[in-house]
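What's counted below: heavy atoms across the whole structure, side chains too, no hydrogens, waters or symmetry copies. A note on names: the letters A, B, ... follow the listed sequences, proteins ahead of strands, and every chain is numbered from 1.
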Amino acid sequence: MPEISKSYEPRDVERKWYASWLASRQFAAHAEPGREPYTIVIPPPNVTGVLTMGHVLNNTLQDILIRRARLEGHAALWLPGTDHAGIATQTVVERELRKQRKTRHDFGREKFLEQVWAWRHEKGNIILEQLRRLGASCDWDRTQFTMDPHYSRAVLTVFVELFRRGHIYRGKRMVNWCPASQTALSDEEVIMKPVNGFLYRVRYERVDAPGLFLEVKTTRPETIPGDTAIAVHPDDPRYAGWIGRKVRRPLGPPAEIPVIADTAVDREFGTGALKITPAHDKADFEIGNRHHLPAIEVITATGQMNDLAGPELAGKDRFAARKLAAELLRASGALVAEEPYANNVGYSERADVPVEPRLTWQWWLRYPRVEEAKAAVRDGHIRFHPERWSKVYLHWLENIQDWCISRQLWWGHRIPVWYRRGLDRDALTEADLRDPAKVHISLEGPADPADWVQEEDVLDTWASSWLWPFATLGWPDPAAQRAAGLDHFYPTTTLVTGPDIIFFWVARMIMAGLEFMRPGEPIERRIPFRHVYFTGIIRDAQGRKMSKSLGNSPDPLDLIERYGADGLRFGIVSIAPQGQDIRFQEDRIESGKNFCNKLWNACRFRQMSGETGDNSSLRAIFARIDPARFDADDHALLDRLLSTTREVDRQFQQFEFSAAAQQLYGFFWNDFCDWYVEGSKARLQAPDTRANCLAIQDLVLRQTLLLLHPFIPFITEELWSQLGYGPAGTFIEDARLENASQIVSASGSYGLHLDAAAITAVERLKGWVSAVRALKAEHQLASRRDVRFLVTAGDADWGILEANLAKVARMVGAAEVQRRVQVDGAPAAVTPLGTVYLDLASSVDAGAERVRLDRELEQIGRHIAATEARLANTAFVSKAPPAVLEGARRQLAEQQAKRVELERLRQALGAG
RNA sequence: GGACCCUUAGCUCAGUUGGUUAGAGCGUUUCCUUGACAUGGAAAAGGUCACUGGUUCGAGUCCAGUAGGGUCCA
């Protein structure tokens with residue numbers, strides 16, 4: 001066996017094992033009858049994506065779950081893939097074209113799409129490559145893409161079906177229009193941002209009474225040419241005489257517009273009079289509809305003013321037009337005032353420009369299975385972690401609006417609708433849509449394509465990704481479903497995602513699953529997943545969201561280079577508490593790396609300490625363990641190993657990943673390395689305890705590697721192999737993780753039973769050791785290894801100390817520890833195992849010692865007073881549970897005993 | 001305007017159903033290269049648990065309110 005190197009070098013180890021895992025198809029999922037499945041579908045990253053810290057966290061957690069599932073013996077499937085990301089990808093490719101001073105229209109639809117596909121093939125898998133660097137154990141042979149032929153088939157099938165079932169309709173409605181991408185957006189793709197602008201106070205002159213004005217406040221004077229009315233509240237006394245009159249539009253082509261009454265007007269806002277521009281505002285559009293007002297469109301799809309806005313504004317960009325409109329109004333005297341004003345403006349999520357409400361023909365979806373989707377979460381068939389996100393989910397479903405699913409893009413699933421050639425689409429009624437002579441809707445398209453024209457629009461990207469949990473498993477093709485094991489792997493077990501896409505994705509997947517999977521079967525068979533774990537958002541040290549534009553996002557690949565993939569994984573998981581946003585701090589990644597190095601060196605120490613025995617199984621190791629040679633530390637360590645195993649088990653069930661990481665960190669570093677291994681150094685010298693001590697180390701390291709493997713897969717695989725835990729040619733995941741009761745039952749059959757007294761003895765030994773170290777440090781002797789100590793203690797305490805003397809003497813750097821009946825005038829410390837004295841009487845600084853003892857006495861006095869007060873309270877004594885009462889009494893006894901001892905020491909020093 | 005979350009050591013955070021003297025990592029101070037590891041070891045300092053009131057024998061934990069911060073939806 002090669003010797004383990006002095007420090008852990010991740011680079012070669014990671015490369016070697018990942019290649020090895022791939023070569024032996026370790027991550028391939030097999031649908032085996034009788035083996036419980038554990039399924040995760042990856043939230044498909046955009047093909048335009050590069051790995052961010054968010055991806056690192058999200059995918060590390062998924063990898064942790066799936067690797068642990070394999071160790072537990074599940075048929076584990078982690079299904080990877082990417083999303084075609086309509087707007088995002090089209091924008092990226094168009095940006096490239098713009099460098100050549102071209103637009104997609106210079107190429108035409110077909111040629112442009114060829115370019116996008118070329119881009120996708122060249123760059124679209126970068127992020128999946130990066131996930132491999134992180135150690136992601138996806139079943140790569142199953143990699144999916146939302147524009148793969150079979151996936152497209154699923155998407156179009158769903159469209160055709162939902163149309164047939166009456167959920168889809170076409171309507172001319174107000175949509176969120178992105179002038180940059182020139183497409184409609186769903187409400188969810190609009191981000192509200194506070195914007196500092198101006199509120200303009202504009203007056204409209206009454207037609208029948210020149211000189212009489214009505215004032216309106218608006219943030220958008222450029223839309224005045226599109227005004228077709230002024231609305232006031234019917235009960236507003238200020239405007240009682242105005243209703244039914246006409247006023248002159250102060251900008252754009254001259255026009256007289258009516259003053260109307262509508263209860264939707266907020267009397268408190270502005271002047272209480274509202275300009276109505278039905279073509280450019282959602283609320284105005286609704287008021288316009290109620291009053292049969294014309295809608296005059298003055299802004300084009302690209303965000304410029306058109307001729308209807310009048311010659312001065314025509315051709316101007318909407319923002320330039322706003323300034324110009326204000327100047328024109330000022331010049332004509334119609335602008336009464338202008339004041340700074342902060343309001344919320346909707347921005348396009350992708351293009352980051354203000355959206356323009358715009359009246360267009362779009363395809364809409366009435367969500368299916370809304371009530372059932374609520375019930376699935378409310379009744380606990382789907383459990384959210386943390387649970388509170390279910391409120392957000394339910395609230396959204398309560399107020400759900402129809403989904404605009406059409407996009408005026410080229411990159412995406414083209415809507416499978418064909419119109420009869422020559423048909424006036426704008427005149428189509430709902431009935432016409434269902435007339436096969438006029439509109440054809442199918443997967444295959446019409447038999448006589450020459451007579452038809454296909455819809456130009458594509459589907460919203462989310463209208464494909466909402467099928468992800470089953471379209472990736474072969475749906476709707478029965479043969480493909482069988483091959484992929486849909487029956488076995490659906491519903492998936494856990495979805496790991498960010499709360500920011502709870503509406504975009506999570507809620508919609510639930511509805512899609514309920515609508516399309518296993519019709520007629522119980523809800524728990526149709527839901528797409530049983531658990532949803534919501535990660536926090538990763539922020540920088542100042543708490544800001546990480547973003548490209550701020551440049552505050554570290555490059556994960558750079559972090560992998562510097563700290564290793566395992567270091568990065570362990571670091572990011574240990575700082576990611578459940579449900580809270582995460583402040584990224586690089587020093588935590590560094591401590592992840594340090595932890596790996598510690599693990600490495602503990603194994604190195606084991607290897608240097610003696611030949612490896614038979615480590616091939618838990619039972620093989622137990623066979624080497626001799627309970628007759630156990631000392632207190634062996635009992636205590638195995639007890640901690642069991643409780644750690646139990647605790648980690650529980651933490652996995654509760655999705656408390658960072659707590660589990662910290663639990664393992666603490667167990668390994670403190671209990672194993674700092675205490676047990678340090679103690680081993682003396683025991684390994686003694687021939688009679690040596691073999692047993694090594695076997696215990698082998699046992700603990702084995703279990704620790706198994707427990708840690710999901711978090712840090714590379715180093716644990718390497719050490720597993722180095723220490724001979726698996727037969728050659730096998731991997732750590734070929735082993736099974738035993739839980740605490742399995743270990744107990746295995747150990748019992750080798751005659752091992754943990755001794756509770758030994759476990760408390762070790763707690764007291766630890767207290768003794770730290771008291772002695774502190775005593776040395778206080779007297780500037782920390783580094784001396786030749787100090788002699790004297791101990792006064794009862795027989796029981798001395799018995800414990802004596803039995804472990806070689807170990808603890810080495811740990812505190814004592815040349816000698818002797819028992820005495822009485823010691824006077826030496827610096828001392830009261831410990832859980834008697835009083836310990838420094839045998840250096842000559843160098844005692846009596847004054848400092850008095851100060852220290854007085855301080856300790858003062859402290860213990862406070863504690864005693866508090867405990868006594870508690871016990872003196874009759875309400876406490878009569879109402880507290882017996883165990884608590886008993887604990888308090890014992891505590892008081894211990895405190896008093898300690899005070900007696902401290903007082904004795906203090907008196908021995910005399911008055912100062 | 002509505003909803004949800006947060007406020008604990010210098011920093012970032014734990015603290016499970018209320019129950020000994022509130023913990024960890026980082027940082028700080030002092031000491032240590034003793035044959036796993038200086039990516040390490042030892043010791044120490046550091047907290048009126050945002051504030052006010054309530055429930056309780058007992059509150060960081062439960063309830064109400066106040067202040068500050070954040071997120072989402074209008």
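For A:Trp669, taking side-chain heavy atoms from C-beta onward, the closest of the listed nucleotides B:G41, B:U20, B:C72 is B:G41. Across B:A42, B:U34, B:A43, the shortest atom-to-atom separation from the side chain of A:Asp674 is found for B:A42. Side-chain proximity of A:Val677 to the nucleotides B:G35, B:A44, B:A36 is greatest for B:A36. Ranking B:C31, B:G70, B:C57 by closeness to the A:Arg539 side chain, first place goes to B:G70. Closest to the side chain of A:Arg604, out of B:U39, B:A36, B:C31, is B:A36. For A:Ser770, whose side chain is taken as the heavy atoms from C-beta onward, the closest listed nucleotide among B:U20, B:A43, B:G40 is B:A43. Of the candidate nucleotides B:C32, B:C57, B:C26, B:C26 has the atom lying nearest to any side-chain atom of A:Asp587. Distances were taken from every side-chain heavy atom of A:Ala774 (C-beta onward) to each of B:A38, B:A43, B:C57; the shortest belongs to B:A43. Of the candidate nucleotides B:C72, B:C5, B:G35, B:G35 has the atom nearest to the side chain of A:Met608. The nucleotide whose nearest atom lies closest to any side-chain atom of A:Tyr665 is, among B:G25, B:U21, B:C37, B:G25.
Rounded to a whole angstrom, the distance from the P atom of B:U8 to that of B:A44 is 26 Å. Nucleotides B:G68 and B:G54 are separated by 23 Å at their C1' atoms, to the nearest Å. Comparing B:A45 with B:U30, their P atoms sit 15 Å apart, to the nearest whole Å. Here the separation of B:U28 from B:G65, taken at their P atoms, is 44 Å to the nearest Å. Separating the P atom of B:G15 from that of B:C73 is a span of 27 Å, rounded to the nearest Å. Nucleotides B:G46 and B:A24 have their C1' atoms positioned 14 Å apart, rounded to a whole Å. Here the separation of B:G25 from B:A14, taken at their P atoms, is 16 Å to the nearest Å. Across the C1' atoms, B:A22 and B:G58 are found 16 Å apart, a figure rounded to whole Å.
The CZ atom of A:Arg890 sits 17 Å away from the P atom of B:G19 (whole-angstrom rounding). Atom CZ of A:Phe668 and atom P of B:C37 are 14 Å apart (whole Å). When the P atom of B:C6 is taken as reference, atom CZ of A:Arg388 falls 7 Å away, rounded to whole Å. Between the CZ atom of A:Arg852 and the C1' atom of B:A45 there is a distance of 16 Å, rounded to whole Å. Atom pair A:Phe504:CZ and B:C72:P shows a separation of 12 Å (rounding to whole Å applied). Look at CH2 on A:Trp675: it is 11 Å from P on B:A42, rounded to the nearest Å. Rounding to whole angstrom units, CZ of residue A:Arg650 and C1' of B:U16 are separated by 6 Å. Distance, A:Gln651 CD to B:U16 P: 13 Å, rounded to whole Å.
Along RNA chain B, the nucleotide nearest to A:Phe595 and the one nearest to A:Pro881 differ in position, and the one closer to the 5' end is contacted by A:Pro881. Residue A:Ser7 is the one, among A:Trp396 and A:Ser7, whose nearest nucleotide of RNA chain B lies closer to the 5' end (criterion: closest heavy atom).
A heavy atom closer than 4.0 Å to some atom of RNA chain B occurs in A:His863, these being the qualifying members of residues 862-872 of chain A.
Residue A:Lys776 places none of its side-chain N or O atoms closer than 4.0 Å to OP1 or OP2 of B:G41. Contact annotation: A:Asn597 does not reach the phosphate of B:G40 (side-chain N/O to OP1 or OP2, under 4.0 Å).
Other residues, nucleotides and ligands place more than 12 heavy atoms under 6.0 Å from the CZ atom of A:Arg788.
Side-chain atoms of A:Gln780 stay outside donor-acceptor range of the base of B:A43, with no qualifying N/O pair under 3.5 Å. Contact annotation: side chain of A:Lys598 to base of B:C37, donor-acceptor pair present below 3.5 Å.
Using a 4.0 Å heavy-atom cutoff across all strands shown, A:Gln685 reaches at least one base atom of the nucleic acid. Residue A:Glu678 is classed as a base contact, given a heavy-atom separation below 4.0 Å to a base. Among the heavy atoms of the strands, none lies under 4.0 Å from A:Cys596.
Taking the charged nitrogens against the carboxylate oxygens, A:Glu894 and A:Lys898 have no contact shorter than 4.0 Å, which rules out a salt bridge. Here A:Glu886 does not pair with A:Arg889 in a salt bridge; the nearest charged N to carboxylate O distance is not below 4.0 Å. At a threshold of 4.0 Å, the pair A:Arg850-A:Asp854 does not count as salt-bridged, since none of the basic side-chain nitrogens sits closer than that to a carboxylate oxygen. In summary, A:Arg11 and A:Glu561 engage in a salt bridge, as defined by a charged side-chain N under 4.0 Å from a carboxylate O.
Residue A:Phe503 forms a ring-ring contact (aromatic ring centres under 6.0 Å, His included) with just one option from A:Trp396, A:Trp462, A:Trp403, A:Trp389, and that option is A:Trp396.
Between the side chains of A:Asn804 and A:Lys807, a donor-acceptor pair is found at a separation under 3.5 Å.
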Distances under 3.5 Å between protein N/O atoms and the N/O atoms of nucleotides 10-15 of chain B, please, pair by pair.
from, atom 1, to, atom 2, distance (Å)
B:U12, O4', A:Gln585, OE1, 3.2

Task: Which nucleotides of RNA chain B pair, in dot-bracket form (Watson-Crick or G-U under 3.5 Å, | meaning another strand) - done: (((((((..((((.....[...)))).(((((.......))))).....(((((..]....)))))))))))).
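A:Thr835 and A:Ala828 get closest at one heavy-atom pair: CG2-CB, 3.9 Å. Between A:Glu718 and A:Trp600, the closest heavy-atom pair is CG-CZ3, 3.7 Å. A pairwise comparison of heavy atoms in A:Ile560 and A:Ala565 identifies CG2-N, 3.8 Å as the closest pair. Between A:Leu723 and A:Leu701, the shortest heavy-atom distance links the atoms CD1-CD1, 4.2 Å.
The aromatic ring centres of A:Phe384 and A:Tyr393 sit less than 6.0 Å apart.
Under the 30°/60° scheme for interplanar angles, the aromatic rings of A:Tyr665 and A:Phe570 are found to lie parallel. Ring geometry, A:Phe655 versus A:Tyr533: the interplanar angle falls under 30°, so the pair is classed parallel (tilted spans 30 to 60°).
Between A:Ile572 and A:Phe584, some side-chain heavy-atom pair lies under the 4.5 Å cut-off.
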